[in-house]
Amino acid sequence: MEPVTYVLFGATGDLAKRKIYPALYNLFVDGKLPEAFSLIGLGRREWTDEFFQTSVEQSLRQFSRREIQNPEQMQAFIQKFRYTVLDIGRTDDYKKLLQIIEERENALGLPANRLFYLSVGPEYFTTIASNIEESGLGSAAGWKRLVIEKPFGHDLQSARDLNEHLSKSFTEDEIFRIDHYLGKPMVQNLEVLERANPIIQALWSNRYIANVQITASETVGVEERAGYYDHVGAVRDMFQNHMLQMLMMLAIHLPHNSTAEDVRKHKKQVMEALIPLSQSDVRTNVIRGQYASGSVGGNPVKGYRSEPGIAATSMNDTYIAAKLQVDDYFWRGVPFYIRTGKRLHEKSTRIVVEFKEALNQTSHIGGAPNLLLIEINPNEGIMLQLNTKENGVLKPVQIQLHENSKDIPEAYENLIYDALVGNPTFFAHWDEVELAWAWVQPILDAFQENQVPLHAYEAGSNGPAEADALLAADGFHWWFDSKEDQETKRKEEDYAYQIGH
Ligand SMILES: NC(=O)C1=CN([C@@H]2O[C@H](COP(=O)(O)OP(=O)(O)OC[C@H]3O[C@@H](n4cnc5c(N)ncnc54)[C@H](OP(=O)(O)O)[C@@H]3O)[C@@H](O)[C@H]2O)C=CC1
Ligand SMILES: O=C1O[C@H](COP(=O)(O)O)[C@@H](O)[C@H](O)[C@H]1O
């Protein structure tokens, strides 16, 4: 791997501490950092190198998936870290930074390969990019890359403006837009699942699939992020990016030996095939919710409007469910139901593919539908539901096909590694981001104009009942809403589907 200087804006912040340092440490332990590696941390706080290194060490002890057992290894790692004060708006600070980077590059014999990682609020993205360009930080003999955190814009227009601005300093090939769901191993597995398994490949179309359900439910509420979350809601925080990325990853059909280019091209095609929603479609196909008080994991919790920093009149969405249609050769007529929300019954990110009943049946044989369940987070696994016969009765059995071990790289490890080696496959290309904003824009407008009812749902529930009605209108229901439901469903199916019934 090529030597690199990792220039981290926001080195004193929460994301750096919880995700970036642990990811870098695990890459180091796994031998996946370049031998010649230097990190320059930036922030306004007046920290010394030693204080910075100690704070990095503390964050590893608190957040690394691996226990820190080898003090020498830890020392070797944090010796690569340096800190310098930089105020994002002060151009002089970038000149000072350039000098520090060049000194480090010379001292370590590093070529001028620089990765600029923006772990700061989105309001700073354009200023940083321009200052990198103007200070000469980006015009070195080596390569430069810009890794940028979400959110990428607030709506279609602001995302376009942001992209246009960034494009003045970085080419598309140099911009790595992080969507951490694309770093999750099971999301990375989605296209392989179809491409590497002829059985699934043969069934992966509207001929055999009745519907697809994508869920990302969370038990946490707004936490300490009122200032951010109350302006974005579930639609911008999760739906426009993570949920649509999972849809793309599931729906792409890739050629053999596909490249990063192919993945992005085919994801873009999925987005282009998404049927746009008119304002009246939004009213019928989108459910907006906000959590009321309730209980999560046996503990009473406040409603959203009583959370610190949230106005008692807030109309912000903490839940969204939608029905989408991909109008292409493979998926025409297959509804995709997508939902995400906070303060729900359980933490679970999963995809359920529900298969149709056998074709050419003259009579209904019964049995539960075949299901493929892909669990993404926090459990990782693949399960197939089939029917078998027990005592003359059809009974659904659930076969666990795959369960990942717990010692797997986290999303940020995968993504940071890919950024270091320059592999863009699991980063969001501008075309996808723009198409995703374009698709959600009518929803943003309808929410803004209050054209869609805001349904209160009890904290700890599965969301508003109207989201169940969205599927019921098509003759479906959400699968695996809770362990109890799953058990109940199984029992009901045992009784209901007698052979010849
Ligand atoms: N935290 C998380 O779990 C996640 C965060 N993100 C995104 O990552 C980014 C960072 O989030 P997070 O770490 O939580 O934010 P924090 O508020 O914890 O940290 C912000 C960082 O920005 C620096 N900063 C702020 N203003 C300036 C300035 N004028 N000049 C120089 N540095 C400045 C701060 O340094 P100092 O105070 O020293 O000036 C600090 O290091 C955001 O875009 C967020 O949306 C995305 C996914 C998850
Ligand atoms: O990006 C975000 O993701 C988290 C959920 O991520 P996960 O990996 O725990 O599923 C969400 O809580 C947060 O609001 C959002 O900004």
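We count ligands from 1, going down the list as the structure has it; atoms in each ligand are counted the same way. The structure displayed is predicted, hence computed values, not measured ones. If you read the sequence from its start, that first residue is 1, and numbering goes on from there.
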E466, CD: over 12 other non-hydrogen atoms inside 6.0 angstrom: yes
CD (Q99) with more than 12 external heavy atoms under 6.0 Å: no
Given L27, V29, L33, the one that forms side-chain contact (heavy atoms from CB on, under 4.5 Å) with F77: L33
Charged tip of R350 within 45° of F480 ring normal and under 6.0 Å: no
Are there any N/O pairs under 3.5 Å between ligand 1 and the protein, and if so, what are their distances?
from: ligand 1; atom 1: 1 (N); to: D14; atom 2: OD2; distance (Å): 2.8
from: ligand 1; atom 1: 3 (O); to: R18; atom 2: NH2; distance (Å): 2.6
from: ligand 1; atom 1: 13 (O); to: D14; atom 2: N; distance (Å): 3.1
from: ligand 1; atom 1: 13 (O); to: L15; atom 2: N; distance (Å): 2.8
from: ligand 1; atom 1: 18 (O); to: D14; atom 2: N; distance (Å): 2.8
from: ligand 1; atom 1: 26 (N); to: R44; atom 2: NH2; distance (Å): 3.2
from: ligand 1; atom 1: 26 (N); to: Y124; atom 2: OH; distance (Å): 3.2
from: ligand 1; atom 1: 30 (N); to: I88; atom 2: N; distance (Å): 3.0
from: ligand 1; atom 1: 35 (O); to: T12; atom 2: OG1; distance (Å): 2.9
from: ligand 1; atom 1: 37 (O); to: R45; atom 2: NE; distance (Å): 3.1
from: ligand 1; atom 1: 37 (O); to: R45; atom 2: NH2; distance (Å): 2.8
from: ligand 1; atom 1: 38 (O); to: T12; atom 2: OG1; distance (Å): 2.8
from: ligand 1; atom 1: 38 (O); to: R44; atom 2: N; distance (Å): 3.0
from: ligand 1; atom 1: 38 (O); to: R45; atom 2: N; distance (Å): 3.1
from: ligand 1; atom 1: 38 (O); to: R45; atom 2: NE; distance (Å): 2.9
from: ligand 1; atom 1: 39 (O); to: R44; atom 2: N; distance (Å): 3.0
from: ligand 1; atom 1: 39 (O); to: R44; atom 2: NE; distance (Å): 2.6
from: ligand 1; atom 1: 39 (O); to: R44; atom 2: NH2; distance (Å): 3.3
from: ligand 1; atom 1: 41 (O); to: G10; atom 2: O; distance (Å): 3.3
from: ligand 1; atom 1: 41 (O); to: T12; atom 2: N; distance (Å): 3.3
from: ligand 1; atom 1: 41 (O); to: T12; atom 2: OG1; distance (Å): 2.7
from: ligand 1; atom 1: 41 (O); to: G13; atom 2: N; distance (Å): 3.0
from: ligand 1; atom 1: 43 (O); to: V120; atom 2: O; distance (Å): 2.7
from: ligand 1; atom 1: 43 (O); to: K150; atom 2: O; distance (Å): 3.2
from: ligand 1; atom 1: 45 (O); to: K150; atom 2: O; distance (Å): 3.1

Aromatic contact, Y457 with Y319 (centres under 6.0 Å): yes
Y83/F51 aromatic ring centres below 6.0 Å: no
Atom CD of E224 with >12 non-hydrogen neighbours under 6.0 angstrom: no
Mutual orientation of the aromatic rings belonging to W47 and F52 [parallel < 30°, tilted 30-60°, perpendicular > 60°]: tilted
Geometric class of the F152/W430 ring pair [parallel <30°, tilted 30-60°, perpendicular >60°]: tilted
Neighbouring residues of ligand 2, heavy-atom cut-off under 4.0 Å: K150, H180, Y181, K184, E218, R225, D237, M238, H242, K342, K347, N377
